[in-house]
J.: 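Would you mind keeping the following structure in view while I ask a few things?
Everything quoted here is computed from the prediction, not taken from an experiment. Numbering of residues begins at 1 and proceeds along the displayed sequence.
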Amino acid sequence: MKQRKNGLYPAVSDELSAVMKSGWADTERRGLEPIAQAAHTATRRAALSARFPGERLVVPAGNLRTRSNDTDYPFRASTEYVHLTGDQTEDAVLVLEPLAAGGHEATAYLLPRSDRENGEFWLSGQGELWVGRRNSLSEAEQLLGLPCRDVRKIADELREATGPVRVVRGHDARIEAALTDKVTAERDAELKVFLSELRLVKDAFEIGELQKACDSTARGFEDVVKVLDKAEATSERWIEGTFFLRARVEGNDVGYGSICAAGPHATTLHWVRNDGPVRSGELLLLDAGVETDTLYTADVTRTLPINGRFSPLQRKIYDAVYASQQAGIDAVKPGAAYRDFHEASQRVLAEKLVEWGLLEGPAERVLELALQRRWTLHGTGHMLGLDVHDCAQARTEAYVDCTLEPGMVLTVEPGLYFQADDLTVPEEYRGIGVRIEDDILVTADGNRNLSAGLPRQADEVEAWMAGLRG
């Protein structure tokens, strides 16, 4: 075991070693039920097997990453690995071994429980007494519903592998090194693309988890509204910390860095420093999502008047974004083009910018030249799932050029952002940013707003805030 350089105990006596090996109860768990998504992960693996017949497929979970010296970042397994197994442990690897008769045998290679014979369980910084108990391989087999083997042998086995191999890159350098003479970047990219597109349509388990994430997120937004007075006395970090508490209590974490943007910070799309002042009379743009224990995340934005009431100009801009979002949500339905909701939302915003005299019309000209983008900046939404920007490696024709179908989940999130130094707009507009974002499930007959638990219309927002603040 690697010892700390300045450790107080430079050696372990034979007597202490013997004492530590003995006197421990049998804690093996038996008769475990499979995890809730086990049947779904098996279906996903079957789809993967069918796509790449006769090829060995390697999907690593990834490794711990050093934050500083001997402290690590919290581990988050790779999305591809989690989607195919439901497991979240570091150093794990899923291998689909091709069978002569067709199909594949899937095996999860995992770290077994830390060894009590060699002292790993109490001497290693990753041992059981330091970081907690791991599942045994037998326990993992019961939970995951697939064979499990010791991952410490996998690199040597892969070095001896013959035949075509593909690996998901970017997660485990040790695995990639073992396969360096057996894989190509092009073939591995095809595997990554397929696994990304495999997540485009969510199954019943995934939809349930996304609904759970949205429900927890709504409660997190309520928590924030209740403590806005404390945020005014401190900073945006009070908002960040308040939402984070809900995420950790009801889920695994936040699904991405929370954007707690007050005042002119709301015009910065990904303001995650969250160190600015919170002032009465200004707006708070809160873009945050709870990630469930199974790693599915919500992605919701509300723009809230910090004092509980929109000013006339704030309401005018807010109502324009609300109308834009509603037009986008209305365009989400099976059989529609993915781009339809974006175009519907952008049309409303272009018309408003012309109406306000900020752009020369007609709106068709504005849209053709995309002039509205000075103040709208970003696309109107994206796929959502295990990643906040899910399916990011999918082909253009399978994503933004696709036809919507039931089971897809996407965000609809138009915004208007008037920068504090924008001399092309009246002074009173400057420093105002508004975004409204909801998570929308495509259903057989239209759509369902998974985040409908939070009000969107301006009057409803004000009434909701008043009710929470007493």
Side-chain angles (χ1 to χ4, degrees), residues 1-32 34-35 56 58-78 81-82 85-97 105-161 167-168 171-180:
M1 305 301 158
K2 182 180 178 181
Q3 299 297 312
R4 187 173 294 175
K5 179 180 179 181
N6 298 309
L8 292 171
Y9 298 104
V12 176
S13 68
D14 292 341
E15 291 79 4
L16 175 59
S17 179
V19 166
M20 292 302 293
K21 287 181 183 179
S22 62
W24 302 101
D26 177 11
T27 58
E28 180 75 9
R29 298 182 295 160
R30 299 170 178 85
L32 299 175
I35 57 176
R56 182 177 284 102
V58 183
V59 185
N63 318 119
L64 291 169
R65 296 285 187 264
T66 301
R67 181 181 185 274
S68 175
N69 189 28
D70 58 355
T71 61
D72 299 312
Y73 287 104
F75 179 71
R76 204 282 195 182
S78 73
Y81 177 81
V82 172
T85 67
D87 180 51
Q88 299 181 34
T89 56
E90 66 268 20
D91 298 331
V93 184
L94 173 69
V95 178
L96 270 64
E97 189 82 18
E105 179 182 22
T107 302
Y109 289 80
L110 310 170
L111 285 170
R113 288 189 65 185
S114 48
D115 197 328
R116 291 182 185 268
E117 281 301 306
N118 67 6
E120 175 193 1
F121 78 108
W122 72 285
L123 291 172
S124 168
Q126 295 301 316
E128 187 170 305
L129 298 193
W130 287 91
V131 297
R133 183 188 189 279
R134 295 192 290 264
N135 289 325
S136 71
L137 296 181
S138 174
E139 291 168 342
E141 286 187 341
Q142 297 171 68
L143 293 167
L144 304 181
L146 76 165
C148 296
R149 297 176 62 185
D150 190 336
V151 73
R152 292 173 294 189
K153 305 172 184 177
I154 186 60
D156 291 337
E157 293 181 13
L158 290 176
R159 286 189 189 95
E160 302 301 319
V167 63
V168 177
H171 300 301
D172 194 321
R174 179 180 58 107
I175 297 301
E176 291 178 35
L179 294 170
T180 186

J.: Give the C-alpha distance, both sets of side-chain angles, the deciding distance and a yes or no for side chain to side chain contact (heavy atoms under 4.5 Å, CB included) between V93 and V59.
T.: CA-CA 6 Å; V93 184; V59 185; over 6 Å; no
J.: After noting the C-alpha distance and the side-chain angles of N63 and E90, does the key distance pass the side chain to side chain contact (heavy atoms under 4.5 Å, CB included) rule?
T.: CA-CA 5 Å; N63 318 119; E90 66 268 20; 5.8 Å; no
J.: Before you tell me yes or no, could you show the steps for R149 and E157 under salt bridge (charged side-chain N to carboxylate O under 4.0 Å, His left out), namely the whole-Å CA-CA distance, both residues' side-chain angles and the distance that decides it to 0.1 Å?
T.: CA-CA 12 Å; R149 297 176 62 185; E157 293 181 13; 3.0 Å; yes
J.: In Å, rounded to the nearest 0.5 Å, how long is the span from OG of S17 to CG of L123?
T.: 8.0 Å
J.: Q126 versus D72: any side-chain heavy-atom pair under 4.5 Å?
T.: yes
J.: Less than 4.0 angstrom from a charged side-chain N to a carboxylate O is my criterion; do R133 and E128 meet it?
T.: no
J.: Minimum heavy-atom separation for Y81 and A92, please, with both atom names.
T.: OH-CB, 3.2 Å
J.: First locate atom CG of D91, then atom CG of L64, and finally report the distance between them rounded to the nearest 0.5 Å.
T.: 6.5 Å
J.: Of the options L179, L94, I154, V168, which is the one that meets V58 in a side-chain contact (heavy atoms from CB on, under 4.5 Å)?
T.: L179
J.: Check step by step if side chain to side chain contact (heavy atoms under 4.5 Å, CB included) holds for M20 and E15.
T.: CA-CA 9 Å; M20 292 302 293; E15 291 79 4; over 6 Å; no
J.: If you take all heavy atoms of E141 and P147, which pair is closest and at what distance?
T.: OE2-CA, 3.6 Å
J.: Might you point out which heavy atoms bring Y109 and D150 nearest each other, and give the distance in Å?
T.: CD2-O, 3.7 Å
J.: Give the minimum heavy-atom separation between T85 and I35, together with the two atoms involved.
T.: O-CD1, 3.8 Å
J.: Under 4.5 Å between any side-chain heavy atoms of L158 and I175, yes or no?
T.: yes
J.: Charged N to carboxylate O below 4.0 Å: is that the case for K153 and D156?
T.: no
J.: Would you check, one step at a time, whether the test side chain to side chain contact (heavy atoms under 4.5 Å, CB included) holds for L96 with E105?
T.: CA-CA 5 Å; L96 270 64; E105 179 182 22; over 6 Å; no
J.: Do R67 and Y73 have side-chain atoms, one donor and one acceptor, less than 3.5 Å apart?
T.: no
J.: Which pair of heavy atoms, one from L129 and one from W122, lies closest together, and at what distance?
T.: CD1-CB, 3.7 Å
J.: Would you call R30 and D26 a salt bridge, taking side-chain N to carboxylate O under 4.0 Å as the test?
T.: yes
J.: Less than 4.0 Å between a side-chain N and a carboxylate O, is that true for E120 and R134?
T.: yes
J.: Can you give me the closest heavy-atom contact between P60 and D172, atom names plus distance?
T.: CB-CB, 3.7 Å
J.: In the structure I gave you, are the side-chain heavy atoms of L32 and E139 within less than 4.5 Å of one another anywhere?
T.: yes
J.: For the CG atom of L110 and the OG1 atom of T89, what is their distance to the nearest 0.5 Å?
T.: 5.0 Å
J.: Ring centres of W130 and F121 under 6.0 Å apart?
T.: no
J.: S136 and side-chain hydrogen bond (donor to acceptor under 3.5 Å, both in side chains): which partner among E28, R113, R29?
T.: E28
